[in-house]
There are 2 protein chains.
Amino acid sequence: MSLRYALLGLLADEAASGYVLTKKFEGSLQHYAWHAKHSQIYPELSKLAADGLIEVTEEGPRGRRTYAITEPGRVSLREWMFTRPDSGGVRNEFVLRLFLLPTLEPSDARTLLTAYLQVANEQLEGMAKIFELAGPEWKEEPMSFGHFAAEYGRRSFETLREWAQWALTEVEARDTADAAAEAAER
Amino acid sequence: MSLRYALLGLLADEAASGYVLTKKFEGSLQHYAWHAKHSQIYPELSKLAADGLIEVTEEGPRGRRTYAITEPGRVSLREWMFTRPDSGGVRNEFVLRLFLLPTLEPSDARTLLTAYLQVANEQLEGMAKIFELAGPEWKEEPMSFGHFAAEYGRRSFETLREWAQWALTEVEARDTADAAAEAAER
DNA sequence: TAGCACATGTAATATGTTACATGATTGA
DNA sequence: TCAATCATGTAACATATTACATGTGCTA
(Lines give C-alpha, C1' and ligand atoms only; values in the text may rest on other atoms or scores of the structure.)
Protein backbone atom coordinates (compact mmCIF):
# COMPACT_ATOMS: atom_id res chain seq x y z
CA MET A 1 0.00 0.00 0.00
CA SER A 2 2.97 2.34 0.58
CA LEU A 3 3.92 2.37 -3.10
CA ARG A 4 0.76 4.37 -3.72
CA TYR A 5 1.90 7.07 -1.29
CA ALA A 6 5.49 6.97 -2.45
CA LEU A 7 4.26 7.83 -5.95
CA LEU A 8 1.80 10.39 -4.63
CA GLY A 9 4.59 12.02 -2.61
CA LEU A 10 6.97 12.21 -5.54
CA LEU A 11 4.23 13.74 -7.69
CA ALA A 12 3.45 16.21 -4.88
CA ASP A 13 7.01 17.48 -5.26
CA GLU A 14 6.78 17.71 -9.05
CA ALA A 15 4.83 16.28 -11.98
CA ALA A 16 6.52 13.34 -13.72
CA SER A 17 6.03 10.42 -16.11
CA GLY A 18 6.16 6.75 -15.13
CA TYR A 19 9.60 6.57 -16.67
CA VAL A 20 10.91 9.49 -14.61
CA LEU A 21 9.38 8.04 -11.44
CA THR A 22 11.07 4.71 -12.18
CA LYS A 23 14.40 6.55 -12.44
CA LYS A 24 13.76 8.29 -9.13
CA PHE A 25 13.36 4.90 -7.46
CA GLU A 26 16.70 3.88 -8.93
CA GLY A 27 18.36 6.82 -7.18
CA SER A 28 18.95 7.42 -3.48
CA LEU A 29 15.32 6.61 -2.73
CA GLN A 30 15.76 2.88 -3.28
CA HIS A 31 18.84 2.63 -1.07
CA TYR A 32 17.25 4.21 1.95
CA ALA A 33 13.47 4.46 1.65
CA TRP A 34 11.57 2.54 -1.01
CA HIS A 35 12.01 0.79 -4.30
CA ALA A 36 9.76 -0.42 -7.09
CA LYS A 37 10.16 -1.63 -10.66
CA HIS A 38 8.43 -0.10 -13.66
CA SER A 39 6.23 -3.19 -13.89
CA GLN A 40 4.71 -2.22 -10.58
CA ILE A 41 4.76 1.54 -11.10
CA TYR A 42 2.77 1.77 -14.35
CA PRO A 43 -0.24 -0.25 -13.13
CA GLU A 44 -0.27 1.70 -9.85
CA LEU A 45 -0.27 5.02 -11.74
CA SER A 46 -3.30 3.81 -13.72
CA LYS A 47 -5.09 2.98 -10.48
CA LEU A 48 -4.20 6.34 -8.91
CA ALA A 49 -5.52 8.12 -12.01
CA ALA A 50 -8.69 6.00 -11.97
CA ASP A 51 -9.17 7.04 -8.31
CA GLY A 52 -8.71 10.69 -9.28
CA LEU A 53 -5.67 11.20 -7.02
CA ILE A 54 -3.44 12.06 -9.98
CA GLU A 55 -4.12 13.15 -13.55
CA VAL A 56 -2.37 13.29 -16.92
CA THR A 57 -1.32 16.89 -17.55
CA GLU A 58 0.79 16.41 -20.66
CA GLU A 59 1.27 13.87 -23.42
CA GLY A 60 4.71 13.96 -24.98
CA PRO A 61 6.59 12.03 -27.66
CA ARG A 62 6.91 8.22 -27.51
CA GLY A 63 3.60 7.99 -25.69
CA ARG A 64 4.91 9.78 -22.65
CA ARG A 65 2.26 10.75 -20.10
CA THR A 66 3.17 13.26 -17.43
CA TYR A 67 1.12 12.91 -14.25
CA ALA A 68 0.43 15.57 -11.63
CA ILE A 69 -1.12 15.20 -8.20
CA THR A 70 -4.70 16.46 -7.80
CA GLU A 71 -6.24 18.16 -4.78
CA PRO A 72 -7.87 14.89 -3.56
CA GLY A 73 -4.43 13.34 -4.02
CA ARG A 74 -2.83 15.91 -1.70
CA VAL A 75 -5.53 15.32 0.89
CA SER A 76 -4.97 11.56 0.72
CA LEU A 77 -1.20 11.94 1.01
CA ARG A 78 -1.49 14.25 4.01
CA GLU A 79 -3.82 11.78 5.72
CA TRP A 80 -1.32 8.98 5.22
CA MET A 81 1.56 11.07 6.52
CA PHE A 82 -0.30 11.39 9.81
CA THR A 83 -1.17 7.71 10.23
CA ARG A 84 1.07 5.87 12.69
CA PRO A 85 3.51 3.70 10.76
CA ASP A 86 2.62 0.05 11.34
CA SER A 87 5.31 -0.88 13.85
CA GLY A 88 4.47 -4.56 13.44
CA GLY A 89 5.37 -4.51 9.78
CA VAL A 90 9.13 -4.03 9.71
CA ARG A 91 11.35 -5.98 7.30
CA ASN A 92 14.91 -4.79 7.69
CA GLU A 93 17.51 -7.23 6.45
CA PHE A 94 20.35 -5.30 8.04
CA VAL A 95 18.83 -5.32 11.53
CA LEU A 96 17.95 -9.00 11.07
CA ARG A 97 21.65 -9.69 10.54
CA LEU A 98 22.44 -7.75 13.71
CA PHE A 99 20.05 -9.98 15.63
CA LEU A 100 21.73 -13.05 14.19
CA LEU A 101 25.31 -11.86 14.70
CA PRO A 102 25.71 -13.90 17.92
CA THR A 103 25.13 -17.09 15.92
CA LEU A 104 28.57 -16.57 14.34
CA GLU A 105 31.92 -17.59 15.78
CA PRO A 106 33.66 -14.59 17.38
CA SER A 107 36.29 -14.53 14.61
CA ASP A 108 33.55 -14.44 11.95
CA ALA A 109 31.70 -11.76 13.88
CA ARG A 110 34.85 -9.66 13.97
CA THR A 111 35.28 -10.00 10.18
CA LEU A 112 31.68 -9.00 9.56
CA LEU A 113 31.78 -6.03 11.92
CA THR A 114 34.94 -4.77 10.25
CA ALA A 115 33.10 -4.94 6.93
CA TYR A 116 30.18 -2.98 8.41
CA LEU A 117 32.61 -0.37 9.67
CA GLN A 118 33.94 -0.03 6.14
CA VAL A 119 30.41 0.26 4.70
CA ALA A 120 29.60 3.00 7.20
CA ASN A 121 32.72 4.92 6.24
CA GLU A 122 32.00 4.56 2.51
CA GLN A 123 28.44 5.71 3.00
CA LEU A 124 29.60 8.70 5.04
CA GLU A 125 31.96 9.67 2.23
CA GLY A 126 29.05 9.44 -0.20
CA MET A 127 26.87 11.56 2.09
CA ALA A 128 29.63 14.17 2.33
CA LYS A 129 29.57 14.49 -1.45
CA ILE A 130 25.78 14.88 -1.46
CA PHE A 131 26.03 17.65 1.13
CA GLU A 132 28.76 19.34 -0.89
CA LEU A 133 26.58 19.38 -4.01
CA ALA A 134 23.21 20.20 -2.48
CA GLY A 135 24.40 22.00 0.65
CA PRO A 136 24.32 25.58 -0.68
CA GLU A 137 20.79 25.10 -2.01
CA TRP A 138 19.69 23.55 1.29
CA LYS A 139 21.08 26.47 3.28
CA GLU A 140 19.12 29.00 1.25
CA GLU A 141 15.89 27.04 1.12
CA PRO A 142 15.08 25.40 4.45
CA MET A 143 12.85 22.28 4.34
CA SER A 144 13.79 21.38 0.78
CA PHE A 145 13.17 17.95 -0.70
CA GLY A 146 15.78 15.42 0.32
CA HIS A 147 17.42 17.53 3.02
CA PHE A 148 15.55 15.95 5.94
CA ALA A 149 16.27 12.46 4.66
CA ALA A 150 19.94 13.22 3.89
CA GLU A 151 20.55 14.62 7.35
CA TYR A 152 18.88 11.58 8.89
CA GLY A 153 21.03 9.32 6.71
CA ARG A 154 24.25 11.06 7.69
CA ARG A 155 23.46 10.77 11.39
CA SER A 156 22.39 7.12 10.99
CA PHE A 157 25.66 6.12 9.35
CA GLU A 158 27.61 7.87 12.08
CA THR A 159 25.59 5.87 14.58
CA LEU A 160 26.34 2.68 12.64
CA ARG A 161 30.06 3.45 12.70
CA GLU A 162 30.08 4.08 16.43
CA TRP A 163 27.97 1.01 17.09
CA ALA A 164 30.28 -1.22 15.02
CA GLN A 165 33.25 0.07 16.98
CA TRP A 166 31.49 -0.71 20.25
CA ALA A 167 30.45 -4.16 18.96
CA LEU A 168 34.07 -4.98 18.09
CA THR A 169 35.12 -4.31 21.70
CA GLU A 170 32.26 -6.61 22.76
CA VAL A 171 33.64 -9.41 20.55
CA GLU A 172 37.12 -8.84 22.00
CA ALA A 173 35.61 -9.20 25.49
CA ARG A 174 34.11 -12.52 24.42
CA ASP A 175 37.44 -13.71 23.07
CA THR A 176 39.15 -12.77 26.34
CA ALA A 177 36.45 -14.52 28.39
CA ASP A 178 36.73 -17.65 26.23
CA ALA A 179 40.51 -17.72 26.57
CA ALA A 180 40.26 -17.33 30.34
CA ALA A 181 37.73 -20.17 30.55
CA GLU A 182 39.99 -22.36 28.46
CA ALA A 183 43.01 -21.59 30.66
CA ALA A 184 41.01 -22.37 33.80
CA GLU A 185 40.01 -25.75 32.36
CA ARG A 186 43.62 -26.86 32.10
CA MET B 1 14.16 -15.17 0.81
CA SER B 2 15.20 -13.63 4.13
CA LEU B 3 12.47 -15.43 6.07
CA ARG B 4 14.38 -18.62 5.47
CA TYR B 5 17.46 -17.19 7.17
CA ALA B 6 15.49 -15.51 9.92
CA LEU B 7 14.12 -18.94 10.86
CA LEU B 8 17.50 -20.59 10.44
CA GLY B 9 19.05 -17.93 12.67
CA LEU B 10 16.47 -18.33 15.41
CA LEU B 11 16.94 -22.11 15.31
CA ALA B 12 20.72 -21.64 15.45
CA ASP B 13 20.19 -19.92 18.80
CA GLU B 14 17.89 -22.65 20.09
CA ALA B 15 15.57 -25.40 18.85
CA ALA B 16 11.91 -24.40 18.67
CA SER B 17 8.51 -25.32 17.24
CA GLY B 18 6.64 -23.36 14.58
CA TYR B 19 4.41 -22.00 17.30
CA VAL B 20 7.33 -20.74 19.39
CA LEU B 21 8.96 -19.20 16.31
CA THR B 22 5.69 -17.41 15.51
CA LYS B 23 5.71 -15.97 19.04
CA LYS B 24 9.30 -14.81 18.62
CA PHE B 25 8.27 -12.84 15.54
CA GLU B 26 5.54 -11.21 17.63
CA GLY B 27 8.17 -9.93 20.08
CA SER B 28 10.86 -7.33 19.59
CA LEU B 29 11.96 -8.99 16.36
CA GLN B 30 8.95 -7.79 14.40
CA HIS B 31 9.29 -4.18 15.53
CA TYR B 32 12.88 -3.80 14.46
CA ALA B 33 14.03 -6.61 12.20
CA TRP B 34 11.55 -8.99 10.59
CA HIS B 35 8.03 -10.27 10.87
CA ALA B 36 6.04 -13.20 9.52
CA LYS B 37 2.74 -14.88 10.23
CA HIS B 38 2.32 -18.54 11.10
CA SER B 39 0.77 -19.12 7.67
CA GLN B 40 4.13 -18.29 6.14
CA ILE B 41 6.29 -19.87 8.83
CA TYR B 42 4.88 -23.41 8.76
CA PRO B 43 5.29 -23.96 5.00
CA GLU B 44 8.81 -22.48 5.14
CA LEU B 45 9.77 -24.84 7.97
CA SER B 46 8.59 -27.76 5.81
CA LYS B 47 10.76 -26.54 2.95
CA LEU B 48 13.79 -26.06 5.21
CA ALA B 49 13.32 -29.58 6.57
CA ALA B 50 12.94 -30.97 3.02
CA ASP B 51 16.23 -29.24 2.14
CA GLY B 52 17.90 -30.80 5.18
CA LEU B 53 18.79 -27.46 6.77
CA ILE B 54 16.69 -28.21 9.85
CA GLU B 55 15.24 -31.40 11.34
CA VAL B 56 12.54 -32.48 13.78
CA THR B 57 14.20 -33.42 17.07
CA GLU B 58 11.13 -33.88 19.24
CA GLU B 59 7.41 -34.50 18.85
CA GLY B 60 5.35 -33.24 21.76
CA PRO B 61 1.66 -33.07 22.67
CA ARG B 62 -0.90 -31.46 20.33
CA GLY B 63 1.21 -32.43 17.33
CA ARG B 64 4.05 -30.16 18.33
CA ARG B 65 7.21 -30.61 16.31
CA THR B 66 10.42 -29.08 17.64
CA TYR B 67 12.96 -28.26 14.94
CA ALA B 68 16.72 -27.90 15.33
CA ILE B 69 19.25 -26.55 12.85
CA THR B 70 21.50 -29.11 11.14
CA GLU B 71 25.15 -28.74 10.18
CA PRO B 72 24.28 -27.92 6.52
CA GLY B 73 21.85 -25.37 7.97
CA ARG B 74 24.62 -23.67 9.93
CA VAL B 75 26.81 -23.57 6.83
CA SER B 76 23.99 -22.01 4.79
CA LEU B 77 23.24 -19.43 7.49
CA ARG B 78 26.90 -18.43 7.76
CA GLU B 79 27.13 -18.04 3.98
CA TRP B 80 24.11 -15.74 3.99
CA MET B 81 25.48 -13.66 6.87
CA PHE B 82 28.48 -12.87 4.68
CA THR B 83 26.57 -11.92 1.54
CA ARG B 84 26.26 -8.17 0.99
CA PRO B 85 22.76 -7.06 1.86
CA ASP B 86 20.96 -6.05 -1.33
CA SER B 87 21.18 -2.25 -1.00
CA GLY B 88 18.68 -1.85 -3.84
CA GLY B 89 15.99 -3.66 -1.93
CA VAL B 90 15.07 -1.35 0.94
CA ARG B 91 11.44 -0.78 1.96
CA ASN B 92 11.39 1.47 4.98
CA GLU B 93 8.09 3.23 5.56
CA PHE B 94 9.57 5.53 8.17
CA VAL B 95 12.37 6.81 5.94
CA LEU B 96 9.86 7.16 3.08
CA ARG B 97 7.89 9.54 5.29
CA LEU B 98 11.08 11.49 5.99
CA PHE B 99 11.62 11.90 2.27
CA LEU B 100 8.06 13.14 1.87
CA LEU B 101 8.07 15.48 4.89
CA PRO B 102 8.74 18.56 2.71
CA THR B 103 5.44 17.94 0.89
CA LEU B 104 3.66 19.05 4.09
CA GLU B 105 2.88 22.61 5.16
CA PRO B 106 5.42 23.79 7.76
CA SER B 107 2.78 23.72 10.51
CA ASP B 108 1.90 20.10 9.65
CA ALA B 109 5.59 19.22 9.50
CA ARG B 110 6.05 20.66 12.98
CA THR B 111 3.16 18.59 14.33
CA LEU B 112 4.55 15.42 12.79
CA LEU B 113 8.10 16.03 13.99
CA THR B 114 6.85 16.63 17.52
CA ALA B 115 5.08 13.25 17.32
CA TYR B 116 8.32 11.60 16.13
CA LEU B 117 10.14 13.16 19.05
CA GLN B 118 7.61 11.63 21.37
CA VAL B 119 7.93 8.22 19.69
CA ALA B 120 11.72 8.39 20.09
CA ASN B 121 11.37 9.19 23.78
CA GLU B 122 8.86 6.40 24.34
CA GLN B 123 11.08 3.93 22.54
CA LEU B 124 14.09 5.03 24.58
CA GLU B 125 12.13 4.43 27.77
CA GLY B 126 11.25 0.97 26.49
CA MET B 127 14.89 0.28 25.65
CA ALA B 128 15.94 1.41 29.13
CA LYS B 129 13.65 -1.23 30.60
CA ILE B 130 15.09 -3.91 28.32
CA PHE B 131 18.61 -2.98 29.42
CA GLU B 132 17.54 -3.05 33.06
CA LEU B 133 16.15 -6.57 32.69
CA ALA B 134 18.79 -8.12 30.45
CA GLY B 135 21.73 -5.87 31.35
CA PRO B 136 23.26 -8.02 34.12
CA GLU B 137 23.15 -11.10 31.90
CA TRP B 138 24.67 -9.16 28.99
CA LYS B 139 27.53 -7.89 31.14
CA GLU B 140 28.49 -11.40 32.21
CA GLU B 141 28.10 -13.00 28.81
CA PRO B 142 29.48 -10.78 26.03
CA MET B 143 28.02 -11.30 22.53
CA SER B 144 24.73 -12.73 23.78
CA PHE B 145 21.62 -12.96 21.63
CA GLY B 146 19.80 -9.65 21.37
CA HIS B 147 22.49 -7.48 22.93
CA PHE B 148 23.99 -6.29 19.63
CA ALA B 149 20.56 -5.46 18.26
CA ALA B 150 19.40 -3.75 21.46
CA GLU B 151 22.46 -1.56 21.62
CA TYR B 152 21.99 -0.63 17.96
CA GLY B 153 18.32 0.16 18.66
CA ARG B 154 19.13 2.37 21.62
CA ARG B 155 21.67 4.36 19.63
CA SER B 156 19.29 4.62 16.66
CA PHE B 157 16.49 6.09 18.77
CA GLU B 158 18.88 8.60 20.28
CA THR B 159 19.85 9.55 16.74
CA LEU B 160 16.17 9.88 15.81
CA ARG B 161 15.55 12.14 18.79
CA GLU B 162 18.47 14.40 17.94
CA TRP B 163 17.51 14.47 14.27
CA ALA B 164 13.90 15.42 15.06
CA GLN B 165 15.15 18.26 17.23
CA TRP B 166 17.36 19.49 14.41
CA ALA B 167 14.50 19.13 11.90
CA LEU B 168 12.23 21.26 14.10
CA THR B 169 14.76 24.10 14.00
CA GLU B 170 14.82 23.68 10.21
CA VAL B 171 11.03 24.10 10.06
CA GLU B 172 11.29 27.19 12.27
CA ALA B 173 13.85 28.60 9.82
CA ARG B 174 11.38 28.01 7.00
CA ASP B 175 8.63 29.77 8.92
CA THR B 176 10.90 32.76 9.56
CA ALA B 177 11.94 32.92 5.90
CA ASP B 178 8.30 32.72 4.78
CA ALA B 179 7.26 35.49 7.18
CA ALA B 180 10.11 37.71 5.96
CA ALA B 181 9.13 37.15 2.32
CA GLU B 182 5.53 38.02 3.14
CA ALA B 183 6.56 41.20 4.93
CA ALA B 184 8.73 42.26 1.98
CA GLU B 185 5.79 41.77 -0.38
CA ARG B 186 3.71 44.40 1.41
C1' DT C 1 21.44 4.65 -40.10
C1' DA C 2 22.55 2.35 -36.16
C1' DG C 3 22.69 2.24 -31.41
C1' DC C 4 21.09 3.99 -27.18
C1' DA C 5 18.01 5.90 -24.09
C1' DC C 6 13.21 6.87 -23.79
C1' DA C 7 8.73 4.92 -22.78
C1' DT C 8 5.17 1.68 -21.68
C1' DG C 9 2.90 -2.74 -21.13
C1' DT C 10 1.76 -7.61 -19.51
C1' DA C 11 2.28 -12.71 -18.27
C1' DA C 12 4.26 -16.03 -15.26
C1' DT C 13 6.08 -16.76 -10.98
C1' DA C 14 7.16 -15.95 -6.19
C1' DT C 15 6.16 -14.01 -1.88
C1' DG C 16 3.19 -12.38 1.74
C1' DT C 17 -1.59 -11.46 4.05
C1' DT C 18 -6.14 -12.47 5.50
C1' DA C 19 -9.48 -15.49 6.45
C1' DC C 20 -11.13 -19.90 7.18
C1' DA C 21 -10.52 -24.34 9.53
C1' DT C 22 -9.58 -27.91 12.99
C1' DG C 23 -8.33 -30.09 17.06
C1' DA C 24 -5.62 -30.98 21.72
C1' DT C 25 -4.19 -29.80 26.41
C1' DT C 26 -4.27 -27.24 30.51
C1' DG C 27 -5.72 -24.71 34.37
C1' DA C 28 -9.40 -22.30 36.80
C1' DT D 1 -16.42 -28.41 32.14
C1' DC D 2 -15.33 -24.54 29.77
C1' DA D 3 -12.39 -21.00 28.24
C1' DA D 4 -7.89 -19.87 26.93
C1' DT D 5 -3.85 -21.06 24.88
C1' DC D 6 -1.28 -24.32 22.32
C1' DA D 7 -0.52 -26.07 17.73
C1' DT D 8 -0.83 -26.63 12.86
C1' DG D 9 -2.71 -26.30 8.21
C1' DT D 10 -4.56 -24.35 3.76
C1' DA D 11 -7.33 -21.48 0.32
C1' DA D 12 -8.18 -17.03 -1.60
C1' DC D 13 -6.40 -12.83 -2.33
C1' DA D 14 -3.00 -9.08 -2.74
C1' DT D 15 1.54 -7.58 -3.65
C1' DA D 16 6.07 -7.79 -5.88
C1' DT D 17 9.69 -9.78 -9.12
C1' DT D 18 11.37 -11.55 -13.37
C1' DA D 19 10.99 -12.17 -17.91
C1' DC D 20 9.10 -11.29 -22.14
C1' DA D 21 7.47 -7.79 -25.46
C1' DT D 22 7.10 -3.67 -28.38
C1' DG D 23 7.88 0.61 -30.33
C1' DT D 24 9.81 5.83 -30.60
C1' DG D 25 13.01 9.70 -30.96
C1' DC D 26 17.56 11.52 -30.67
C1' DT D 27 22.33 11.93 -31.79
C1' DA D 28 26.70 10.60 -33.40
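Proteins come first, then strands; the chains are lettered A, B, ... in the order of their sequence lines, and each starts at number 1. Predicted model, so just to flag it, every value in this text is computed and none were measured.
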- prompt: Rounded to the nearest 0.5 Å, how far apart are OG1 of A:Thr22 and CD of A:Gln30?
  reply: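 Rounded to the nearest 0.5 Å, the OG1-CD separation comes out at 11.0 Å.
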
Whole angstroms only, please: what is the [atom1]-[atom2] distance between [X] and [N]?
{"X": "B:Glu44", "N": "C:dT17", "atom1": "CD", "atom2": "P", "answer": "13 Å"}
{"X": "A:Arg65", "N": "D:dG23", "atom1": "CZ", "atom2": "C1'", "answer": "14 Å"}
{"X": "A:Arg64", "N": "C:dA5", "atom1": "CZ", "atom2": "C1'", "answer": "13 Å"}
{"X": "B:Leu3", "N": "C:dA14", "atom1": "CG", "atom2": "P", "answer": "16 Å"}
{"X": "B:Ile41", "N": "D:dT8", "atom1": "CD1", "atom2": "P", "answer": "11 Å"}
{"X": "B:Lys47", "N": "C:dT15", "atom1": "NZ", "atom2": "P", "answer": "6 Å"}

- prompt: How do B:Arg91 and B:Thr66 order along DNA chain D: which one's closest nucleotide is nearer the 5' end?
  reply: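 Counting from the 5' end, the first nearest nucleotide belongs to B:Thr66.
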
Report the relative orientation of the aromatic rings in [X] and [Y]; use parallel for angles under 30°, tilted for 30 to 60°, perpendicular for over 60°.
{"X": "B:Trp138", "Y": "B:His147", "result": "parallel"}
{"X": "B:His38", "Y": "B:Tyr42", "result": "perpendicular"}
{"X": "B:Trp80", "Y": "B:Tyr5", "result": "parallel"}

query: Is there a donor-acceptor pair closer than 3.5 Å between any side-chain N or O of A:Trp163 and the backbone N or O of B:Gly153?
result: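 Here the side-chain-to-backbone pair does not exist.
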
message: Determine whether a donor-acceptor pair (N or O, by modelled atom type, separation under 3.5 Å) exists between the side chain of A:His35 and the backbone of B:Val90.
response: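 Confirmed, A:His35 side chain pairs with B:Val90 backbone.
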
field: Per-nucleotide protein contact string for nucleotides 20-28 of chain C, where B marks a base within reach and S marks sugar-phosphate only (heavy atoms under 4.0 Å, - for neither)
entry: ----BBS--

So, OP1 or OP2 of [N]: does either fall under 4.0 Å of a side-chain N or O from [X]?
{"X": "A:Tyr42", "N": "C:dG9", "result": "no"}
{"X": "B:Gln40", "N": "C:dT17", "result": "yes"}
{"X": "B:Lys37", "N": "C:dG16", "result": "no"}

task: Ignoring the backbone of A:His35, work out which of D:dT15, D:dT17, D:dT10 is nearest its side chain.
output: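 Comparing D:dT15, D:dT17, D:dT10 against the side chain of A:His35, the answer is D:dT17.
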
message: Just to be sure I understand the geometry, which residues of residues 4-33 of chain B put a non-hydrogen atom under 4.0 Å away from DNA chain C?
response: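 Residues of residues 4-33 of chain B under 4.0 Å from DNA chain C: none.
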
- prompt: For B:Arg4, does the CZ atom sit with more than 12 other heavy atoms under 6.0 Å from it, leaving out its own atoms?
  reply: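 Yes.
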
query: Counting only heavy atoms not in B:Arg78, do more than 12 fall under 6.0 Å of its CZ?
result: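 No, not enclosed.
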
Side chain to side chain contact (heavy atoms under 4.5 Å, CB included), paired with A:Phe157, selected from A:Glu122, A:Met127, A:Glu125, A:Glu162: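 Exactly one option meets the side chain to side chain contact (heavy atoms under 4.5 Å, CB included) with A:Phe157, and it is A:Met127.
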
